Amino acid sequence: MKMDLFVDCDMQISTVHKVLHHVEKLLDAPTPPEVPSAFIKNEDFIRLHEKMISLRDIMTSFASGDLSPQITMSGVVAGSCKALQANLRHMTWKVQQVENGDYSQRMDFMGDFSSSFNSMVVQLANTIDALQQKEASLQEEARQRNEAMRQLEQSEAKFKYMAQHDPLTGVFNRRFFFFSAMEQMERCFAMRRNCCYCLLDVDHFKKFNDTYGHVEGDWALKHIVEQAQKSLRRADIMGRYGGEEFIFFFSDADMEQGRAAAERIRVAVESAPCQLQDGRKIPVTVSMGVAGLLAKKVADQNSNILQQHAIKIADAALYQAKGNGRNTVHVAEIVSIT
Amino acid sequence: MSTERKYVFSWNTIGDNMAVARPSLGVYTRIEVYRLLQYTLRDILEDEFGHIKTDEIFRRAGALAGKEFYKKYITDVSDISGLVKIIEDKFMELGIGIFRVESIDLDTLSFTLNVEEDLDCSGLPDSNEQICVYDEGFIQGILESYTGTKFKVREIDCWCTGARTCRFNANAIDQAHGD
């Protein structure tokens, strides 16, 4: 009887050792142990085994950053796992808010992590604030620089315009007209096209000035320019030659086309009387001299000399037009330069 | 049963000038008093109507409270982050619990939310029952007020089931399917 008690006791101790050994393996072994055959039908043992396997899986998932496991157990350890899971998920959410620019996020749990998180967010907010201020200051600097550049470009454009245009009428000044007309003439000759220079003089302009004053005289010149420009083609060029004289370059125009172009201008001016400031309408007319340059005859000549010569011939033609009674067009051909 | 109403809720019903009303005791009371009220009320309601109906009543009351809470405290909110911040602060200030967000999906309007140190259940003995039905309604009321959409809120972990925190899943109800 006594021996039986000892045997029972030994068996119980052996069973406890087997259970403890299994629990230890569940905690320590890299791969979970199988349920020993002696306990395969023991429900309590199986429940403990499965619970610990679940906890192992949960902790392994957490350790690898996977917070998704559904914890279905209850009890203090499982509850702590749930709290840890909830806290880590909440921290993830907080970090996402910071990522989206909300630097007011703070934490007050998970000990050192919270204080580090809070310090980091404050530091981040300060840094971003400083960067934003810097960016704003740079943007302002860039804006001022752009504004200065814009004003400079505006001034440059203004000076360029002033250097190229007649301040009263807005057409090219004499120097820029010569430059532009020369380029255009060379382009015409390169394509074996004819062209014309033309001079315009306002008839009786001295008398107009003496009668109505120089202010009205200036106004009359602007009016004549306006009428003339309406009659020009895009490739034609107009400039102020001096006083009441204007000069034109007609691209791709033989003598007849040059005459027609000049005639259009003459008619336009004649049919649009100049309106004075007091409302009176005063008829004005112009005389025009055209010099035609035939490419086949003069294209090989020096452009500079050719231009001077063409203007001289146009001037002579203008003189002829004046001699013919004014308000008329006279055309002369340049055959060669002598 | 009479449908005549005697106490339709309004904030005026519960008084607001505690400095005059309770000059010595102030605005706070002990948590067991709150729970005494809730759990005795629950006791009688369960006795009268059964626990399913009682849960339903508590959830409806919670939803009403959530809506009133929203109307009173959440008056100026621009986005979900702002909403969460106000709830966090107000829950803390009023001692309701420590409100935390686990996840929010605005595309599907689904939320996982925590309330730690919950007023209703924190410290209760394990019972294998998710007991915070009033909280479910409360969260539902807030979310419905904010989104204008019907929500179903269910507690998935509770102090009473061994978790150290109360966790809630909140999902917009697909009204076309009724769930």
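Source: prediction; values computed, not measured. Quick note: numbers below take in every heavy atom, side chains included, and nothing from hydrogens, waters or symmetry partners. Labels below follow one simple rule: chain letters A, B, ... track the order of the sequence lines, proteins then strands, and each chain is numbered from 1.
The number of heavy-atom neighbours closer than 6.0 Å to CD of A/Glu156, taken from other residues, nucleotides and ligands shown, is 12 or below. A 6.0 Å sphere centred on CD of A/Glu140 holds more than 12 heavy atoms belonging to other residues, nucleotides or ligands. Few gaps surround CG on A/Asp108; more than 12 heavy atoms of other groups in view lie less than 6.0 Å from it. Counted within 6.0 Å of NZ on A/Lys25, heavy atoms from surrounding residues, nucleotides or ligands total 12 or fewer; the atom is thus considered open. Other residues, nucleotides and ligands contribute only 12 or fewer heavy atoms inside 6.0 Å of the CZ atom of A/Phe179. Environment of CD in B/Glu117: sparse, with no more than 12 heavy atoms of neighbouring residues, nucleotides or ligands closer than 6.0 Å. Counting non-hydrogen atoms of neighbouring residues, nucleotides and ligands closer than 6.0 angstrom, the CZ atom of B/Arg30 reaches no more than 12 such neighbours. Under a cut-off of 6.0 angstrom, the local environment of CZ in A/Arg56 is crowded, with over 12 non-hydrogen atoms contributed by other residues, nucleotides or ligands.
Contact of A/Gln96 with chain B is not made at all, since no heavy-atom distance falls under 4.5 Å. A/Leu88 does not touch chain B: none of its heavy atoms, backbone or side chain, sits under 4.5 Å away. Both the backbone and the side chain of B/Ile104 come within contact range of chain A, with heavy atoms under 4.5 Å apart. Heavy atoms closer than 4.5 Å to chain B are found in both the backbone and the side chain of A/Ser104.
Using a 4.5 Å heavy-atom cutoff, the side chains of A/Arg89 and B/Arg167 are in contact. Taking 4.5 Å as the limit, every side-chain heavy atom of B/Val101 sits out of range of all side-chain heavy atoms of A/Gln97. In this structure, the side chains of B/Glu102 and A/Leu67 stay at 4.5 Å or more apart for every pair of heavy atoms.
When each of B/Asp157, B/Asn114, B/Thr165 is scored by its heavy-atom pairs under 4.5 Å with chain A, the top score falls to B/Asp157. Per-residue heavy-atom pair counts under 4.5 Å with chain B were compared for A/Gly79, A/Ser80, A/Ala78, A/Ala83, and the maximum is reached by A/Gly79. Ranked by non-hydrogen atom pairs under 4.5 Å with chain B, the options A/Met73, A/Gln70, A/Gln85, A/Met91 are led by A/Gln85. When the candidates B/Ile156, B/Val84, B/Ile98 are compared by the number of heavy-atom contacts under 4.5 Å with chain A, B/Val84 comes out ahead.
Summarising the geometry, atom CZ belonging to B/Phe99 is positioned 9.0 Å from atom NE2 belonging to A/His90; distances are rounded to the nearest 0.5 Å. Atom CH2 of A/Trp93 is separated from atom CG of B/Leu113 by 9.5 Å, given to the nearest 0.5 angstrom. How far CD1 of B/Ile80 is from CG of A/Asp102: 12.0 Å, rounded to the nearest 0.5 Å.
For the pair A/Lys94 and B/Glu88, the salt-bridge criterion is met [side-chain N within less than 4.0 Å of a carboxylate O].
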